[in-house]
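Each remark here refers to the structure printed beneath this line.
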There are 2 protein chains.
Amino acid sequence: MKQKVTLKQIAKELDVSISTVSKALKDSVEISLDTRQKVKAFAKLYNYKPNNIALSLKNRKTKTIGVIIPEIVHHFFTTVIGGVEKVANEKGYNVIICSSNNSFDKEVINMEMLASGSADGFILSVAKETQLKKDYHHIEETMSQGMPVVLFDRIIDEIVCDKVIIDDAKGAQTATNHLLSIGCKKIAILTTVDYISVGKLRTNGYLRALRAYDIPEKEEYILKIEDIDNCESEIKEFLKDKDIDAIFAVNELFAVTAAKVLDEHGKKVPDDVAIIGFTDGILSKHFIPSLTTISQHGEDMGIRAAKLLIDKLEGDEAVTEEYRTVIIDTNLIHRQSTKKNKE
Amino acid sequence: MKQKVTLKQIAKELDVSISTVSKALKDSVEISLDTRQKVKAFAKLYNYKPNNIALSLKNRKTKTIGVIIPEIVHHFFTTVIGGVEKVANEKGYNVIICSSNNSFDKEVINMEMLASGSADGFILSVAKETQLKKDYHHIEETMSQGMPVVLFDRIIDEIVCDKVIIDDAKGAQTATNHLLSIGCKKIAILTTVDYISVGKLRTNGYLRALRAYDIPEKEEYILKIEDIDNCESEIKEFLKDKDIDAIFAVNELFAVTAAKVLDEHGKKVPDDVAIIGFTDGILSKHFIPSLTTISQHGEDMGIRAAKLLIDKLEGDEAVTEEYRTVIIDTNLIHRQSTKKNKE
DNA sequence: GAACCTTACGCAAACGTTTGCGTGTGGAAA
DNA sequence: TTTCCACACGCAAACGTTTGCGTAAGGTTC
């Protein structure tokens, strides 16, 4: 089994020095044309590829971006990654993806691992547990070692760095407004517990929209779901005999689960109850009825995040000291789940 | 801005040699207890972490697994990655994920990039284009340089290496049998073009099942979809006025799209037409009606693939020379889309 | 033939580690 | 006082690169 060929081996075979080989491959004028050609031919023959590790060590940078997300099996996050990869590949960067699995410890471990030489900077959406614990030492430590961090989606206000977010409250308000505009009056919200930043913001947007329409908020219309994986039972309980004409769900899963429960109760979507979701994933698109939703433009978020990071990585000191927060526009995607006949 | 602290800096501060620091941190008996404690205290204070890059260079291994998949925004592939990560983390490996986007060129580029120092071995599902082109030089080259490769799902028969697959034909046969067993006689299949290995295998399984039941295969019941992203129009055209009582779809998207088209035609699933899919993703689970399907156990595939790879990486020569093909069991998940009333 | 200039290459340091071996210091034994 | 032995530490090489600088060989100029 062949081993990877190095400069040293080529040098030995051709009876020249390592530096000659290195320079020849780079077409340095220091080396005679003859030698250059010989070396290059030999290198091609043996399929020489410079060793990235050695280059990283020498250059003190890895040309690699570390991405840490709470879940890997998650449509929104993968679209973001898609965007990151796009930009990264264009600019000659590699992407390492790690999932924290919503665990604080795993987030810390992954971050430390990547920070100790494997990546030049981070794109990060923090784990649920991290938001709960409010322990951000690993992020601060990483930044204090000179590695830029870009936070996206689930961000942390207390940390000063580049951020890419959507205006969750505004998106939620738009969603709720849409329900109001088609004549719904009794609008329930299925949301997460408050320590999830985006959940709280979306709840706020919902409340804001109601207030703007002078509709009193009702405790009984708000369900804050704790255990996302078992949301069905909570939603079932919540929806039982509830007199509502619309539901705003802060994510796809809540939306389709609600649809399912309504279906079981013999209620029709959208005629009896309209539904609007958040995040334009495959579920919303392919569900029957297809779900009206707020698109988060995950790929754009990834693109912007990657650009911010690479700017920091390649920028001079001036750029480095200035932090930006990019807000990605959301927009309402009209589908069947909010098409009232009375409209 | 602090920079990352190195052994050299600690050594200078403490006025000892680099090797003393290194040994002290490793609790070498060569170093006096006093010095050891001093060094360790200092290292902790400055949050010293050994530089992975330097270690990789020295050890000639990176403790990193490269995973290349055709698509990142894809439920099945992400579940596989989840499995890989699980095992990798347990064994102290890092995981780098790259997507080829189903492009041959990107697959080659990613592979070469990772092969030149960033990863010790690969877990790979080949791009559609690669299957079409039948050009596998990059994989062969990587293997000939001593880096183990594990192929999964979309594998290549011609390449001799470890593989993790499901028995696609058998799974398809099981699916078709199920349809037959509930009384369906006119079973259509929505499949991919033949150069996609898994698609072809599933088509074969379908045909095998029909033959076993002595049902003649009909050309008009078979749709080979070329452009997956625009499958809806093809399916619509195909299903128009077709007299069938069941559909076997080789993936989720085809299954739900068929359901949607049927819905538009006023046909009921499962009463008029039963549907069975392949791959147990979120769509199948949450669709109304929920879809009966063949589970591929993506996470298990990832786990097995990672284990095979790590065995190769850490094994001695004996293990290295022997290649295994692991076949993961599929199983039928009964849901509503095949619950005939007549049953 | 001396002085000088090109040309074409090699040396060595550096990136941050690890580790086998060499060595200076001190104390104990003879 | 000499010899010897632990003990505690430093040296240097190695992993694979890149690159500034030094230098030998050969040619040109006067």
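If you're wondering where the values come from, they're calculated on a predicted model, not measured in any experiment. Throughout, protein chains are lettered first and strands after them, A, B, ... in sequence-line order, and every chain is numbered starting at 1.
- Regarding A/I18, its CD1 atom lies at a distance of 11 Å from the P atom of D/dT18, rounded to whole Å.
- Per the geometry, OH belonging to A/Y48 stands 7 Å off C1' belonging to D/dG16, to the nearest Å.
- Scored by the side chain to side chain contact (heavy atoms under 4.5 Å, CB included) test, A/K307 finds A/V87, A/I303 as partners (sequence neighbours excluded).
- The environment of NZ in A/K63 is crowded: more than 12 heavy-atom neighbours from other residues, nucleotides or ligands sit within 6.0 Å.
- Computed from coordinates, the A/N52 CG to D/dT17 C1' distance equals 11 Å when rounded to whole Å.
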Distances under 3.5 Å between protein N/O atoms and the N/O atoms of nucleotides 12-15 of chain D, please, pair by pair.
from   : atom 1 : to    : atom 2 : distance (Å)
D/dA14 : N3     : B/K58 : NZ     : 3.2
D/dC15 : OP2    : A/K8  : NZ     : 2.9
D/dC15 : O2     : B/K58 : N      : 3.4

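- For B/F42, the ring pair (Phe, Tyr, Trp, His ring centres under 6.0 Å) partners at least two apart in sequence or on another chain are B/Y46.
- Of the inter-residue distances, the one linking B/H137 atom NE2 with B/M111 atom CE reads 10.0 Å to the nearest 0.5 angstrom.
- Taking atom NZ of B/K61 as the reference point, atom P of C/dT17 lies 19 Å away to the nearest angstrom.
- Put simply, CZ on A/R36 is 13 Å from C1' on C/dC9, counting in whole angstrom units.
- Across residues 22-35 of chain B, B/K23, B/E30, B/I31, B/S32, B/T35 each have a non-hydrogen atom less than 4.0 Å from an atom of DNA chain D (numbered order).
- A ring-ring contact (aromatic ring centres under 6.0 Å, His included) check over residues 107-134 of chain B, counting only residues at least two apart or in different chains, returns nothing.
- Inspection of the B/E107 and B/H138 side chains reveals an N or O donor paired with an N or O acceptor under 3.5 Å.
- In this view, B/E13 satisfies the salt bridge (charged side-chain N to carboxylate O under 4.0 Å, His left out) rule with no residue, not counting sequence neighbours.
- The side-chain contact (heavy atoms from CB on, under 4.5 Å) with A/I159 is formed by just one residue from the set A/V149, A/V126, A/L124, A/I139; it is A/I139.
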